[in-house]
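In listed order, ligands and their atoms are each counted from 1. Position 1 is the first residue of the sequence; numbering continues from there. Since the model is a prediction, treat every value here as computed from it, not as a measurement.
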Amino acid sequence: GGPASIARFRGALVGAVLGDCVGGEFEGAEEVPMDRVLQHLNGLQDEDRGEGILQYSDDTAMTRCVVQSLLTRAGFDEQDMAYSFAKEYSLSPGRGYGSGVIQVLKKLRVPKLNDVFQPARAQFNGRGSFGNGGAMRAAPFALAFRDHGDVKRYARLGAMLTHSCSLGYNGAVLQALAVHLSLQGALDRPHKFINRLIMEMEEVESEEAARQDARLLKESEFPFCDRLHRVKDLMERNQVSIEEVISELGNGIAALHSVPTAIFCVLHCLEVREGLPENYRGMERTMAYSLVLGGDTDTIACMGGAIAGAHYGVDAVPNAWGRCCEGADDADRSAEHLHKLYPRL
Ligand code: 8NA
Ligand code: MG
Ligand code: MG
């Protein structure tokens, strides 16, 4: 489809659910052999698979809250979104939430809380969380706002409801921007795409709060820009090993160690790659490649799935895979609703 087509919208949200559901199998695993990944993915083709449906985790649970809040409030409403996260957690606490964020979600379970950003600010002795929990749910902001300034602004605020450290919320800004650009067709020119992200993040990371958090955590001055430059270096190489990707970009639960990784997975898998099945197309390659990296596989595949889905569109998601994932149909319908509301030029 063309820029911001309905197929791209649906691909973004279905791709995110797919990544979360198929990635759950390997979450926290240190090393994941490719044959185990392929076995897992091939199992999704079985019409009468015994394992049943793959459940979604916190990534999708919170993404659904973001979508519902953006739709029902027709825009960003921090009180509504915060309460929606808290309610979802209390109804379904066993979705694999990070151990820190649970405390925020419990405090947010008060309707009409005066300052909904306060519980997040109290995390980790006032430093705030740098986990990828803000980034994992950032895709819908790219589907609700057309202007890239709005995408940045609201992705940031939406993440700050649980992640007040700039290394947490700026990961959400980066993820939302990647989905935004992908929706516009920007992945047709991968080098331009990565340069654009670097340029955007240079502006984002020059803010004083970001500089201060980077210093405090002993990161480089522009941590996300630095990682995006590494993504660019890896893109320019013919051969890249899994070990190098992990050591250069990371595969952990920090936004800094997972958002640039997810972006790299998508970029790397735009082309046919050795070691991945020849019958796989871009979407399947992105999923398989995110899983062999190990670590926070559900979240990396979820973020990569959203960016890749916005590029390839929903038709690139194998039907059998979609049918195996809890919440895929729902994500598909939500994407249609968001597309109807997407501001027209
Ligand atoms: P979070 O805000 O609780 O952060 C996740 C974890 O990161 C915390 O529990 C801490 O260990 C650490 N952390 C974050 N900020 C700081 C800080 N300032 N100082 C010290 N430590 C810090 O939760 P979240 O919403 O960011 O969750 C992120 C991930 O956790 C998601 O991938 C989600 O799926 C989940 N999760 C991951 C795994 C895994 O093995 N990778 C397992 C279960 C849950
Ligand atoms: Mg999860
Ligand atoms: Mg995770």
Side-chain angles (χ1 to χ4, degrees), residues 16-32 54-66 81-82 85-86 88-89 92-108 117 119-139 155 158-175 209-210 212-219 223 246 250-262 265 287 290-291 293-306 325-327:
V17 174
L18 192 74
D20 181 15
C21 290
V22 302
E25 173 80 5
F26 305 108
E27 190 179 22
E30 209 155 290
E31 256 174 78
V32 188
L54 299 170
Q55 305 244 308
Y56 64 72
S57 76
D58 54 336
D59 306 52
T60 300
M62 295 191 90
T63 302
R64 289 160 62 104
C65 295
V66 172
M81 199 174 283
F85 290 151
E88 166 60 31
Y89 172 72
S92 198
R95 294 273 188 191
Y97 287 87
S99 52
V101 76
I102 291 171
Q103 298 170 52
V104 180
L105 298 174
K106 285 177 177 164
K107 292 182 193 166
L108 291 174
F117 296 102
R121 283 197 297 266
Q123 291 293 94
F124 301 101
N125 297 314
R127 281 168 295 144
S129 173
F130 52 63
N132 56 22
M136 72 188 184
R137 60 176 195 251
M160 284 173 91
L161 293 168
T162 50
H163 291 67
S164 75
C165 176
S166 62
L167 281 111
Y169 62 72
N170 281 341
V173 171
L174 175 57
Q175 169 65 10
Q212 205 175 317
D213 286 343
R215 270 195 300 274
L216 224 70
L217 289 160
K218 301 200 165 44
E219 291 292 345
I246 298 170
N251 62 1
I253 55 171
L256 187 62
H257 304 152
S258 50
V259 183
T261 312
C265 288
M287 286 295 125
S290 316
L291 305 196
L293 295 180
D296 196 359
T297 47
D298 67 329
T299 303
I300 293 173
C302 170
M303 297 188 294
C325 297
E326 180 193 13

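Residues Gly100 and Phe124 approach most closely at CA-CZ, 4.4 Å, considering heavy atoms. The two residues Cys65 and Glu88 come nearest to each other via the heavy atoms SG-CB, 3.5 Å. Minimum heavy-atom separation, Tyr169 to Ser164: CE2-O, 3.3 Å. For the pair Cys165 and Leu217, the tightest heavy-atom approach, listed with the atom from each and the gap, is SG-CD1, 3.9 Å. Of all the heavy atoms in Gln175 and Ala135, the pair that sits closest is CG-O, 3.4 Å. Scanning all heavy atoms of the two residues, the minimum distance from Leu167 to Ala255 falls at O-CB, 3.3 Å.
For the atom pair CD1 of Ile300 and OG of Ser290, the computed distance is 7.5 Å after rounding to the nearest 0.5 Å. Taken to the nearest 0.5 Å, the CD atom of Glu27 stands 6.0 Å off from the OG1 atom of Thr299. One distance of note links CG of Asp298 with CE of Met303; it measures 9.5 Å at 0.5 Å rounding. The distance from atom OH of Tyr97 to atom CD of Gln103, rounded to the nearest 0.5 Å, is 15.0 Å. In this structure, CZ on Arg137 lies 15.5 Å from CZ on Arg64, to the nearest 0.5 angstrom. Rounded to the nearest 0.5 angstrom, Leu161 CG and Leu105 CG are separated by 10.0 Å.
Counting only heavy atoms of the protein, atom 18 (N) of ligand 1 lies nearest to Gly128 O, 2.9 Å. Counting protein heavy atoms only, atom 32 (O) of ligand 1 is closest to Asp296 OD2, 2.3 Å. Given atom 33 (C) of ligand 1, the protein heavy atom at minimum distance is Asp58 OD2, 2.9 Å. Counting protein heavy atoms only, atom 38 (C) of ligand 1 is closest to Glu27 OE2, 2.9 Å. Atom 17 (C) of ligand 1 has Phe130 CE2, 3.2 Å as its closest protein atom, hydrogens excluded (heavy atom only). With respect to atom 6 (C) of ligand 1, the closest heavy atom belonging to the protein is Ile253 CD1, 3.3 Å. In terms of protein heavy-atom proximity, atom 44 (C) of ligand 1 is closest to Gly96 O, 2.9 Å.
Within Asp59, the N/O/S atom positioned nearest the Mg ion (ligand 2) carries the name OD1. Looking at Glu27 and the Mg ion (ligand 3) together, the shortest N, O or S contact belongs to OE2. In terms of distance to the Mg ion (ligand 2), the nearest N, O or S atom of Asp58 is named OD1. Taking the N/O/S atoms of Asp298 in turn, the shortest distance to the Mg ion (ligand 2) belongs to OD2.
Between the Thr297 side chain and the Leu291 main chain, no donor and acceptor come within less than 3.5 Å of each other. Of the possible polar contacts, one joining the Asn251 side chain to the Leu293 backbone as a donor-acceptor pair under 3.5 Å is found. With hydrogens and angles ignored, the 3.5 Å screen pairs no side-chain donor or acceptor of Asn132 with any backbone N or O of Ser258.
Expressed to the nearest 10°, the angle at the Mg ion (ligand 3) joining OD1 in Asp296 with OG1 in Thr299 is 100°.
For ligand 1, the atoms sitting less than 4.0 Å from at least one non-hydrogen atom of Thr299 are 31 (C), 32 (O), 34 (O), numbered in the order shown with element in parentheses. Atoms of ligand 1 lying under 4.0 Å from at least one heavy atom of Gly100, given by number and element, are 3 (O), 9 (O). The ligand atoms of ligand 1 that sit less than 4.0 angstrom from a heavy atom of Asp298 are 34 (O). Annotation for ligand 1: atoms under 4.0 Å from non-hydrogen atoms of Gly98 are 3 (O), 23 (O), 27 (O), 30 (O), 35 (C). For ligand 1, the atoms sitting less than 4.0 Å from at least one non-hydrogen atom of Ser99 are 3 (O), 9 (O), numbered in the order shown with element in parentheses. Near Ser129, with a cut-off below 4.0 Å to any heavy atom, the atoms of ligand 1 are 1 (P), 2 (O), 4 (O), 14 (C), 15 (N). Those atoms of ligand 1 that come under 4.0 Å of a heavy atom in Asp59, given as number and element, are 34 (O). Every atom of ligand 1 with a heavy atom of Gly133 under 4.0 Å away is listed here by number and element: 24 (P), 25 (O), 26 (O), 28 (C).
Contacts between Phe124 and ligand 1 below 4.0 angstrom, taking non-hydrogen atoms only, involve the side chain exclusively. Only the side chain of His163 comes within 4.0 Å of ligand 1, counting heavy atoms alone; its backbone N, CA, C and O stay farther away. With a 4.0 Å heavy-atom cut-off, ligand 1 is reached by the backbone of Asn132 and by its side chain too. Heavy atoms of Thr162 found under 4.0 angstrom from ligand 1: none, in either backbone or side chain. Under 4.0 Å from ligand 1, not a single heavy atom of Ile102 appears.
Under 2.8 Å from the Mg ion (ligand 2) lies an N/O/S atom of Ser57, whether from backbone or side chain.
Salt-bridge annotation for Glu326 and Arg95: present, with a side-chain N of the basic residue lying under 4.0 Å from a carboxylate O of the acidic one.
Proximity of Ala254 to ligand 1 is not established, as no heavy-atom distance is less than 4.0 Å.
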